[in-house]
Amino acid sequence: MKIAVASGKGGTGKTTVSINLYFFIEKFFNKAVQLVDCDVEEPNDALFFPGAETKREKEVFLSVPEINPGKCTFCKKCSNWCEFNAISIVKALKFAGVNADLCHSCGACLEACNFGAISEQNQTLGQIKYLDTGIGLGLTEGRLKVGSSMQTSLIKKVKKETNPNSEIVIFDAPPGTSCPVVETVADADYVILVTEPTPFGLHDLKITVELLLDLQIPFGVIINKAGLGNRNVYEFLVHYNIDILAEIPFDKSYAGKYASGDILENIPDEIEEIYKELIQKLELKLALR
Amino acid sequence: MKEITVLSGKGGAGKTTFAAALASVAQNAVFCDNDVDAADLHLIFQPEIKESHSFSSGNKAEIQSESCTNCGLCAEKCRFDAIHFNTKKQYKINPFQCEGCRLCERICPENAIQVFENTNNSWYVSNTRFGKLVHAKMGPGEENSGKLVTRIREKAKEIALDINADFIINDGPPGIGCSAISSVTGTDLVLMVIEPTLSGLHDAKRLMELVRNFEIPVFAVINKYDLNPKVSENVIQYLSENHIRLAGKINFDKNVVKSIIFEKTIVEFSPKCNFSKEIYYIWNQITEHFSV
Ligand code: SF4
Ligand code: SF4
Ligand code: SF4
Ligand code: SF4
């Protein structure tokens, strides 16, 4: 069972929800649960497990082509096939170069070349880390190398690293609705959207709902920071008959705990109660038992 | 003409609130919403759209099932796992996973694959009460947000030169990926909004790693300063160790949420509150920075 936690808008509390869900599924539910941080541009989940131990860490790569000028006939077929303008061939100068920043690693140029002039080289895409948090099957995080713009490729690789023994996997998705988010939620069985009751929250929620309807993935919504804004988010959800899974009230002192990274310590009873109910709802919905 | 980009690394730190507040104090500026993936600035600006353009975010491939012999070559070669054998025992391309590289189209022995240009994105030039706004709407699940950012920034620049504007103010995207890179490239100043949380600081550090490569001056502001004084101290320490100028500290203020609900900038909604005063103070530092 794969559950993705997403939100159109950043800062709505996606990470807080993912971590609490992970913690409480283990606590109330007794299933082998794993947390996977797919927000590879800004992986933050690990900050909330200060005692966690890094068990494994590996560098992941993207293959970027390299042209051997000795074999190249400068026929330009590869650059014609490259949809991302990553190859420049200048016959007069006997120049054949690949711009790694533009390359999507699609492999088209390799297929194109009839002269065996192209080979592939590894280029660092980021790291994948596995942490033992003491909770369930631990945390896997992807961390994009600063300056790389291939976040989607890294997310793909991170998703492949989930523990085969896990019964429930929680994917903490990046903010927004573009390709990295789609990659994260694409094969999820259920998506939990986290929103806040403000016009920004509502606007971004609508786009995300549209996306999930397109992708035909079932979803429900958690309203975080309840009490801060207005009722428009509620009206929207009721109007479209979208499940409200939980409401988490805004509380400045709880926000302060988030700030210092200790939301899992001395959890207030109200919060614990909210997650307990949430998990019961998910149980029914996803027929987890 | 100087270009200022508001960024934060972490989403929800208050970028859009700041960009909108600056609109209330900056004179003679053009605005550009670089957060094309979840554009929100227009909710405050209420733009009157004057020009509308579609934007191609690349190609999507499609298999014409009549001609396909199910040989499976395309699925084997597609590096993006976009081609799947479906329950009806046919190869199909998932448009959300297809990156439009056209490899499958080129190698299919039956010529059964066609490629379509994807124009599910639009960008606009609008009039607003603050001046011109260039903004965009990306279709959900689209790629190439970086290219779209570059496109709308070019347009904003063109307008700014045309009307002799003094500033372009960009509301940047969250994160440090392709659209953030496109948003930083070639700008004159980055205003980094930091939320004093461990995640906020962590993300700000990653953003700094990126911005540093561009050698662009950075001004930092700490938003919701009183959320956790200890973490705020850590942020200040990080800034001073790294010689990043702290241009302002702003406490959490419920007026901010209210102003958004009333679709106003904080300066319009509550001109006398501390947040608004800080905005003037920050803006003065920015203009001084450029005049010396
Ligand atoms: S792998 Fe694809 S994107 Fe990269 S250079 Fe070759 S054709 Fe271009
Ligand atoms: S297709 Fe091969 S031979 Fe032709 S220009 Fe490219 S690398 Fe050189
Ligand atoms: S390569 Fe062409 S014929 Fe073969 S499965 Fe793909 S679309 Fe069908
Ligand atoms: S165009 Fe490229 S990414 Fe899309 S299905 Fe074909 S091979 Fe895969």
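- Looking only at distances, no side-chain donor or acceptor of A/His203 sits under 3.5 Å from a matching main-chain atom of B/Ala38.
- Residue with the most contacts toward chain B among A/Gly261, A/Cys109, A/Gly8, A/Gly11: A/Gly11 (heavy-atom pairs, distance under 4.5 Å).
- Heavy-atom distances place no part of A/Val185 under 4.5 Å from chain B, backbone and side chain included.
- Between A/Cys106 and B/Arg102 the shortest side-chain heavy-atom distance does not fall below 4.5 Å.
- Most heavy-atom pairs under 4.5 Å with chain B, from the set A/Ser148, A/Ser260, A/Ala255, A/Pro175: that is A/Ser260.
- In this structure, the portion of A/Glu111 lying under 4.5 Å from any heavy atom of chain B is its side chain and not its backbone.
- Taking CZ of A/Arg231 as the start and CD1 of B/Ile261 as the end, the distance is 11.5 Å to the nearest 0.5 Å.
- Using a 4.5 Å cut-off between heavy atoms, B/Asn234 makes no contact with chain A at all.
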Please test B/Leu103 against A/Trp81 for side-chain contact (heavy atoms from CB on, under 4.5 Å), starting from the C-alpha separation and ending with a verdict.
CA-CA 8 Å; B/Leu103 175 59; A/Trp81 276 37; 4.2 Å; yes
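- With B/Arg106 contributing its side chain and A/Ala108 its backbone, the two residues share no donor-acceptor pair below 3.5 Å.
- Within the 4.5 angstrom heavy-atom criterion, atoms from both the backbone and the side chain of A/Ser105 approach chain B.
- No part of A/Pro174 comes within reach of chain B, as not one of its non-hydrogen atoms sits under 4.5 angstrom from that chain.
- Across all non-hydrogen atoms, the minimal contact from B/Gln97 to A/Ala186 is NE2-CB, 4.4 Å.
- In this structure, B/Arg206 contributes its side chain and A/Leu144 its backbone to a donor-acceptor pair below 3.5 Å.
- Between the A/Lys156 side chain and the B/Phe80 main chain, a donor and an acceptor come within less than 3.5 Å of each other.
- Ranking B/Ile260, B/Leu227, B/Val231 against chain A, the residue ahead of the rest is B/Ile260, based on heavy-atom pairs under 4.5 Å.
- In this structure, chain A has heavy atoms under 4.5 Å from both the backbone and the side chain of B/Pro174.
- Heavy atoms of B/Lys10 lying under 4.5 Å from chain A belong to its backbone as well as its side chain.
- In this structure, the separation between CG on A/Asp187 and CG on B/Asn94 is 10.5 Å, given to the nearest 0.5 Å.
- Interface check for chain A: of the options B/Ala39, B/Pro229, B/Cys104, B/Gly200, the most heavy-atom pairs under 4.5 Å are formed by B/Ala39.
- Residue A/Lys76 places its NZ atom among 12 or fewer non-hydrogen atoms of other residues, nucleotides or ligands, all under 6.0 Å distant.
- Within 6.0 Å of CG on B/Asn86 lie more than 12 heavy atoms contributed by other residues, nucleotides or ligands.
- Contact annotation for A/Phe200: both backbone and side-chain heavy atoms come within less than 4.5 Å of a heavy atom of chain B.
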Check the pair A/Arg143, B/Glu209 against salt bridge (Lys or Arg N to Asp or Glu O under 4.0 Å), reporting the backbone distance first and the verdict last.
CA-CA 14 Å; A/Arg143 181 170 287 263; B/Glu209 260 184 75; over 6 Å; no
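- The distance from atom CD of B/Glu99 to atom SG of A/Cys179, rounded to the nearest 0.5 Å, is 6.5 Å.
- Chain A forms more heavy-atom pairs under 4.5 Å with one residue of B/Ser179, B/Gly175, B/Ser199 than with any other, namely B/Ser199.
- Residue B/Asp37 holds its CG atom at 7.5 Å from CD1 of A/Ile207, rounded to the nearest 0.5 Å.
- Across B/Cys101 and A/Phe84, no two heavy atoms sit closer than the pair CB-CE1, 3.8 Å.
- Taking 4.0 Å as the cut-off between side-chain N and carboxylate O, A/Lys159 and B/Asp81 do not count as a salt-bridged pair.
- At most 12 non-hydrogen atoms from other residues, nucleotides or ligands lie less than 6.0 angstrom from CZ of B/Phe262.
- Of all the listed residues (A/Thr12, A/Leu215, A/Thr198), the one sharing the greatest number of non-hydrogen pairs under 4.5 Å with chain B is A/Leu215.
- Top candidate by heavy-atom pairs under 4.5 Å with chain B, chosen from A/Gly176, A/Ser178, A/Gly256, A/Ser253, is A/Ser178.
- Heavy atoms of B/Lys15 lying under 4.5 Å from chain A are absent altogether.
- For B/Ala180, no part lies under 4.5 angstrom from a heavy atom of chain A.
- Here the side chains of A/Tyr258 and B/Asn228 are not in contact, with every heavy-atom distance at 4.5 Å or above.
- Most heavy-atom pairs under 4.5 Å with chain A, from the set B/Thr197, B/Asp203, B/Ile176: that is B/Asp203.
- For the residue pair B/Gly100 and A/Glu83, the shortest heavy atom distance occurs at O-CG, 3.6 Å.
- Between B/Ile181 and A/Ser149, some side-chain heavy-atom pair lies under the 4.5 Å cut-off.
- Counting heavy atoms from C-beta outward, A/Lys252 and B/Asp226 have side chains that approach closer than 4.5 Å.
- Residue contact with chain A, scored on non-hydrogen atoms closer than 4.5 Å, involves the backbone and the side chain of B/Leu210 alike.
- Looking at A/Val181, neither its backbone nor its side chain comes within 4.5 Å of chain B, counting heavy atoms on both sides.
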